[in-house]
Amino acid sequence: MANNPHRRGGIIMLLIAWALLFAGAYWLFELRLAHNANPNRAEVLALQHGEVRLQRNQDGHYLAQGEINGHPVTFLVDTGATRVAMSPGLAEKLALAHGPAVNVQTANGATRAYQTRLRTVRLGAIEVRDVAALITAGLDDDTVLLGMSFLKQLEFTQRGSELTLKPLSQS
């Protein structure tokens, strides 16, 4: 049997092709998982005018990218939360002042939180100024609960897996 000098190069090329195929499949899978977790990306919301339409994620929640004081954040719409709420780590990153301490009841039980004010909260085309918020332990650094201190400024309707938000002045 003759020894083919090109065989080793062919095997290497075949291994590289398989590695690229697996890397591409992994990348596509990761993109799909990210979309399922948060189908409401900032670039999609930016295309909407006057109202914001959110799609429910695979877990039944409404997650959306938005901004607090011009800084990008991920919101979790929470009509059961009295105020917008975030972790101390995120509040520090956003350079928010800790106001007076208050006792609050959360899904994880009673805890202490600190009041603060947000200059602006933006979700797509909707911006609300001077929003009451809480800084409280037990929340993820990467998600802000979008509570009623923001939502009370809006009319919201849910149909199927879509939540539509629009400023009350447009009603």
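Counting from 1, the numbers follow the sequence of the chain as shown. Note that the structure is predicted; figures quoted are calculated from it, not measured. Only heavy atoms go into these numbers, but all of them, side chains included; no hydrogens, no water, no symmetry mates.
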For this session: Would you check, one step at a time, whether the test side chain to side chain donor-acceptor pair (under 3.5 Å) holds for D142 with T74?
Result: CA-CA 7 Å; D142 58 351; T74 300; over 6 Å; no
Problem set entry | Under-4.0 Å salt bridge between R117 and D130 | yes
Does any part of the side chain of [Y], heavy atoms only, come nearer than 4.5 Å to the side chain of [X], both counted from C-beta?
X: V84; Y: L146; answer: yes
X: V102; Y: Q115; answer: yes
X: L145; Y: L134; answer: no
X: V131; Y: V128; answer: yes

For the pair [X] (side chain) and [Y] (backbone), establish whether a donor and an acceptor sit closer than 3.5 Å, ignoring hydrogens and angles.
X: N69; Y: R119; result: yes
X: S149; Y: R83; result: no
X: D59; Y: H61; result: no

State, to 0.1 Å, how close [X] and [Y] come at their nearest heavy-atom pair, and which atoms those are.
X: T136; Y: A85; value: CG2-CB, 4.4 Å
X: T79; Y: M148; value: O-CG, 3.5 Å
X: L123; Y: A64; value: CD1-CB, 3.6 Å
X: M86; Y: L94; value: SD-CD1, 4.1 Å
X: L139; Y: S87; value: O-CB, 3.4 Å
X: E155; Y: L168; value: N-CD2, 3.8 Å

[X] [atom1] to [Y] [atom2] distance, which is reported to the nearest 0.5 Å:
X: L165; Y: L151; atom1: CG; atom2: CG; value: 6.5 Å
X: L90; Y: D140; atom1: CG; atom2: CG; value: 10.5 Å
X: L163; Y: L54; atom1: CG; atom2: CG; value: 5.5 Å
X: L118; Y: H71; atom1: CG; atom2: NE2; value: 11.0 Å
X: T143; Y: D78; atom1: OG1; atom2: CG; value: 11.5 Å
X: L63; Y: Q55; atom1: CG; atom2: CD; value: 12.5 Å

Exercise. By ring-ring contact (aromatic ring centres under 6.0 Å, His included), which residues pair with H98, not counting sequence neighbours?
Worked result: Y114
For this session: List in chain and number order the residues that pass side chain to side chain donor-acceptor pair (under 3.5 Å) with Q158, two or more places apart in sequence or in another chain; answer none if no residue qualifies.
Result: Y62
Exercise. Under 6.0 Å from the CD atom of E127, do we count more than 12 heavy atoms belonging to anything else shown?
Worked result: yes
For this session: Would you kindly confirm whether I12 and W18 end up in one hydrophobic cluster when ILVMFWY residues are joined by side chain heavy atoms under 4.5 Å apart?
Result: no
Exercise. Are V144 and V104 in one and the same hydrophobic cluster, where Ile, Leu, Val, Met, Phe, Trp and Tyr link if side-chain heavy atoms are under 4.5 Å apart?
Worked result: no
